[in-house]
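Lettering of chains follows the sequences in order, A, B, ..., and the numbering in each one begins at 1. Values reported hereafter were calculated over all heavy atoms of this structure, with side chains retained and with hydrogens, waters and symmetry mates removed.
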Amino acid sequence: MTEAQGQGPGAQGQGPGAQGQGPGAPTIDAGELTTFARLRRRGAVLIGGGALWLLLFLAVPLALVFAAAFCETAGYGAVKLSLTWDNLGRVAGWGVFGWEADNLRILLRTVVVAGLTTVLCLALALPMAFWIARQPQSRRGLLLALLMIPFCTNLVIRIAGWTVLLSNQSWLAGLAQQLGAIGPEDGLYPGTFAVLLGMVTTFLPFAVLPLYAVVERLDWTLVEAARDLHSGPWRTARHAILPQIMPGLVAAGILTFVPALGMFLVTDRLGSGKFMLVGNLIQQQVGRDTPYLSALCLTLVAATLIGIAILRWRAREVPVA
Amino acid sequence: MRLIALLFAVLVAARAADPVNVYMYSEYIDPSIPGEFEKKTGIPVRISTYESQEEMVAKLMAGGSGQYDLLVASDVVVTQLVTLKLVAKLDQSKIPNAKNLWDRFRDPLYDKGNVYTLPYFWGPLGIIYRKDKLPAGKVVSWKLIFDESASIGPFVLMDEMRSMMGCAAIALGKDVNSKDKDEIKTIGQTVLKAKQRKDCLGFDGGVGGKNKVLAGQAALAVVYNGDAVKAMSESADVAFAVPVEGAPCAVDNLLVTSKAKNPAGAHAFIDFLMDAKIGARNADFTQYATPYQASLALVKAENRANAAIYPSDEAMKKLVSLLDLGSDTNRIYDEVWTAVKSR
């Protein structure tokens, strides 16, 4: 104990751990003579706005959703203040016809579609990130801007554009018809292909940007060192590159997977409502059955947290999310 | 001092003319009518719009009913609005023009005695189709959708639970307002079977459905007549018909909210909208059918003669209203619909 006091910053009477110092005691922070109380006040002001925002628009609504999920329905979706597990049971598939697999099928489909979207986005984004990062400095800004330009158009419009481009009247579908990929009068949508295409184009920039950020800072001397030590391409990638870009991969995965879980517009338009995801199920309940709606939202939140936990499993030190 | 007096006068003037806040579908009123109402009564009209009944009900339930004085709501949600006490009884003495109502729209099943509602517009569901795809002499029947052997090409279903289930019920010869669990399931399976066919292009709202038919992507689509009338004005290749078996018919209504800040203004505006001339002008602009007998004689002859807007008497006899069936039955429909859309 005495040794620690002799060495730690606390021994000089400046650190927060110093003994016998009240909040009003003078201290030095970043070269400025100040007091703890003043520092604390300044900190509260600085984070106050963000904290209040999170409290009002995240914590409180989420608490309300949580509470409503365990309330009974009082007819026409109004919330009745009495405890029940019915809504969660209904999410799991217990309904007026006994147990049906529909909701589980929807949940599973949602996870599969979101997962597939994430994998496709990462697979496409990784080469793009490397390619952009290896361009001359002057060109990188332009390439990144090109990547962001589609975002200037509203998602609804972009999806409407795809429906035109993929319909059976378009040249693209005509080409696919000629090649025999689809029937002579069919279009490329609605269907799984169109949904995945829509999902990937929507989320690709979210995957490229965090990957680009880590690839740009990549320490190539490590790669050189690995090559010098006769490491093959696979081992170089595995041991010299992958650990360095892991934080970016996880961030890209989370930024793609989480919004993909809640997506309903793409399935609704490019899937023409033929196949439901959780997002569609939630949308269908708006204004109908609020407690059930809340239970569905809660399920989606839980799925999101599980998804993040899995993605961070291998990279606990990753600072994002 | 003079400035203060002026300011005061402005404030008094502003207070004297409390606006009527209207909540309705977008593009559902002749935009010159609110201005004319203000000129006549001094009451300004502010219109907010929604895109679906669910959106409107959700907003009102979340405490939005004080924001609006006058609502336009479909027949199928009226009971819900009344049960949740979101709307108030109408004061009929303030709406003398209610006498203009067409008899067949008086006393509807969802509001006996017109206690809460007066109709605004009405329109049946039906099938919009490409004329070149329908063989000559073939009648428009729900079989075109639900019977694979009668298919004339790719089709679009209506992405609206009760409307679409109602069409299937009529095709099966069953009650569109069935409360029987197993019957509802049978109706759902009919929609499901149609959805799972290869020539089904999925579900879409009326606008999407008509656009797919216009583009030639679909041969036919289930839509409300309003969308079909717009499509027919854009292209001579498409036509609309109420199928021979009949169809669900929607009546949109005028209601006053329970927390209205300006109920008097709302009543005055309802009365104005139900005026014979105004009603006819509004119907001509929106191309929807007026439920006001007095306006019927005043609408443009070409609209009155358009069977897509005003179906024949024979077709009208086979139109049925979708009723609110209470939340327990709604849940059955909801679960069946989820199964239809997820399988």
Side-chain angles (χ1 to χ4, degrees), chain A residues 73-79 86 90 93-98 100-110 160 163-164 166-170 173 182-183 185-187 189-191 194-195 267-278 280-281 283-290 292-293 296, chain B residues 52-62 77 79-86 153-154 156-159 161 181-182 184-185 188 195-196 198-205 208-209 211-212 215-219 324 326-343:
Chain A
T73 305
Y76 297 115
V79 181
D86 281 1
R90 193 175 166 193
W94 277 277
V96 283
F97 295 100
E100 301 258 7
D102 293 309
N103 277 8
L104 289 190
R105 194 180 298 131
I106 291 170
L107 276 171
L108 190 69
R109 190 185 287 140
T110 308
T163 62
V164 174
L166 298 175
S167 88
N168 62 353
Q169 305 288 303
S170 78
I182 50 174
E185 287 212 351
D186 296 347
Y189 103 107
V195 169
T267 27
D268 209 41
R269 302 283 85 202
L270 292 172
S272 276
K274 274 184 126 175
F275 299 99
M276 271 189 153
L277 298 187
V278 174
N280 305 96
L281 196 59
Q283 189 206 15
Q284 187 187 306
Q285 288 305 326
V286 174
R288 284 204 189 138
D289 188 336
T290 312
Y292 177 46
L293 171 71
L296 283 169
Chain B
S52 74
Q53 295 294 306
E54 287 84 6
E55 182 192 338
M56 181 260 294
V57 174
K59 190 153 182 195
L60 291 179
M61 275 175 72
V77 299
T79 310
Q80 182 177 4
L81 294 174
V82 171
T83 312
L84 294 173
K85 299 193 171 66
L86 295 169
V156 182
L157 299 171
M158 160 132 292
D159 199 2
M161 179 174 82
K181 211 166 90 169
D182 297 317
I184 298 171
K185 198 170 186 176
K195 180 203 108 165
Q196 285 176 335
K198 209 173 168 294
D199 48 354
C200 175
L201 292 177
F203 297 86
D204 214 327
N211 283 343
K212 282 174 187 166
Q217 193 188 346
D324 189 316
S327 30
D328 289 344
T329 314
N330 283 348
R331 178 167 169 182
I332 302 175
Y333 275 93
D334 209 87
E335 288 188 13
V336 168
W337 186 245
T338 302
V340 167
K341 294 202 71 182
S342 76
R343 284 180 195 174

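Looking only at heavy-atom pairs under 4.5 Å with chain A, the residue among B:D204, B:L60, B:D334, B:I332 that has the most is B:D334. The candidate with the highest count of non-hydrogen atom pairs below 4.5 Å against chain A, out of B:D182, B:L84, B:D159, B:V57, is B:L84. Per-residue heavy-atom pair counts under 4.5 Å with chain A were compared for B:D324, B:V156, B:V336, B:V77, and the maximum is reached by B:D324. Most heavy-atom pairs under 4.5 Å with chain A, from the set B:G202, B:A215, B:A58: that is B:G202.
With a 4.5 Å cut-off on non-hydrogen atoms, A:D289 does not touch chain B at all. For a residue to count as touching a neighbouring chain, one of its non-hydrogen atoms must lie under 4.5 Å from one of that chain's; by this rule B:L201 touches chain A with backbone and side chain alike. Only the side chain of B:K212 comes within less than 4.5 Å of a heavy atom in chain A; its backbone stays farther off. Neither the backbone nor the side chain of A:T73 comes within contact range of chain B, judged by heavy atoms closer than 4.5 Å. Residue contact with chain A, scored on non-hydrogen atoms closer than 4.5 Å, is absent for B:D328.
Of all the heavy atoms in B:K195 and B:K341, the pair that sits closest is NZ-O, 3.4 Å. Scanning all heavy atoms of the two residues, the minimum distance from A:L107 to A:V278 falls at CD2-CG2, 3.4 Å. Across all non-hydrogen atoms, the minimal contact from A:N280 to A:F275 is OD1-O, 4.3 Å.
Under the 4.0 Å criterion applied to side-chain N and carboxylate O atoms, B:E55 and B:K59 are not assigned as salt-bridge partners.
One N or O on the side chain of A:R109 and one on the backbone of A:M276 form a donor-acceptor pair closer than 3.5 Å. A distance-only check finds a donor-acceptor pair linking the side chain of B:K181 to the backbone of A:V96 [under 3.5 Å].
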**Message:** I'd like to know whether A:D102 forms a side-chain hydrogen bond (donor to acceptor under 3.5 Å, both in side chains) with B:T338, so could you lay out the CA-CA distance, the side-chain angles of the two residues, the decisive distance to 0.1 Å, and finally the verdict.
**Reply:** CA-CA 7 Å; A:D102 293 309; B:T338 302; over 6 Å; no
